[in-house]
Amino acid sequence: MNNNVIQSTIDFAKNELAKYESGHDWYHTFRVWSVAKKIAEHEKADLFVVELSALLHDIADAKFHNGNEEIGSIVASKFLKSQNVSSEIIEKVVYIIRNISFKSEGIEKSKKTIEFQIVQDADRLDAIGAIGIARAFAFGGFKNHKIFDPEIPPALSMTKAEYKNHNSTSINHFYEKLLKLKDLMNTEAGRALALKRHKFLEKYLEHFFEEWNGL
Ligand code: ADP
Ligand code: NI
C-alpha cells in the first residue's frame, strides 16, 4: 500500500514539477528524496512521512505562485487525500511542507518533528556544494541577476519580506544564504554532509575571486 502511494507521488511530482526552471525541477525533488532517505537511516523516523514530504515539498513553490505560501500544502493535501492516505499522515506532511522554507527559520528545533528535521536538512543540502552552486547560478540567470558586482554589497540580515523581493547578485547569495546553512542543520548526519559541501563552497569562492582579480 505505502509503496503504491510513493510510486504515484513520484509520478505526480514529476508531472507537476515539469514546468519549473532547473533548480526547482523534478531532479531537485529527486535529490532531496534520496538524501532524506539516507539521513533517515541514522534517525528513528517515520520513513513514509519523510518520503512523502520530500517528494511534495516543492510541489507549488510560493515564488512561482505570486507569493501564495498556502498553495503547496493545499495541492499536497488534495493529492494525498485522493490516494486515501490517512488524515493523521496528511497532517504531518502538510506541516512539513508549510514550514520547510529558509524564510521560516523562526521555528525552534524543539517544535520540529524528526521527519521535518530530516527533510529540511535534505532540502538545504541541495542548496550547497557543487549542485548548490549550479542552482544558485541557474536561479540567478532565471531572475536576470548578475553573476557578481563589486558595487552591490551582500545584505547580511533581511526580514522575510526583504528576502523575497531582494535583487542581488548570485555570488552575494552565497553570503546571504548558502554559507549560513551548515550551522542551521538539524541532524548529525545532515551536518556531516553539510560540512563537506560547505568546504567546497569556500574553495569555489576562493577561486572565483582569484580569477576575478586576474590571478
Ligand atoms: P527555499 O524555498 O528553501 O527558501 P529557495 O526556493 O529560495 O529556497 O531556493 C531554491 C534554490 O534557488 C536554492 O538553491 C537557492 O540557493 C537558489 N536561490 C534562491 N534565491 C536565490 C538568489 N537570490 N540568487 C541565487 N540563487 C538563489
Ligand atoms: Ni526544495
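Each ligand, and each atom within it, is numbered from 1 in the order the structure gives.
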Correct closest heavy-atom pair for A45 and I118 would be CB-CD1, 3.6 Å
Mind checking whether D126 has an N or O less than 3.5 Å away from an N or O of ligand 1?
no
- Does D58 bring an N, O or S atom to within less than 2.8 Å of the Ni ion (ligand 2)? yes
Candidates H28, H145, R135; heavy atom nearest atom 13 (C) of ligand 1 found on R135
Self-check item: I39 and V35, any side-chain heavy atoms less than 4.5 Å apart
Solution: yes
The atoms of ligand 1 lying under 4.0 Å from a heavy atom of L178, numbered in the order shown, are 16 (O)
**Asked** Between T169 and ligand 1, is there a nitrogen or oxygen pair with a distance under 3.5 Å?
**Response** no
May I ask you to check whether S170 has an N/O atom sitting below 3.5 Å from an N/O atom of ligand 1? no
Q117 and N186 have their tightest heavy-atom pair at O-ND2, 3.2 Å
side-chain contact (heavy atoms from CB on, under 4.5 Å) test vs R135 passes for just one of L178, D126, I128, namely D126
Practice item. Go through the steps to decide whether T29 and D58 satisfy the test side chain to side chain donor-acceptor pair (under 3.5 Å), and finish with yes or no. Key: CA-CA 7 Å; T29 285; D58 270 340; 5.0 Å; no
Basic-acidic side-chain contact under 4.0 Å: K199, E202: no
The option among E176, K143, H173, Q120 carrying the non-hydrogen atom nearest to atom 18 (N) of ligand 1 is H173
Row for the Ni ion (ligand 2): angle NE2 (H57) to OD1 (D123), 10° precision, value 90°
Closest to atom 25 (C) of ligand 1 (heavy atoms only, candidates S168, A134, G132, A136) is A136
For D123, the ligand 1 atoms with a heavy-atom partner under 4.0 Å come out as 3 (O)
For this session: May I ask you to test the L17-Y27 pair for a side-chain heavy-atom distance under 4.5 Å?
Result: no
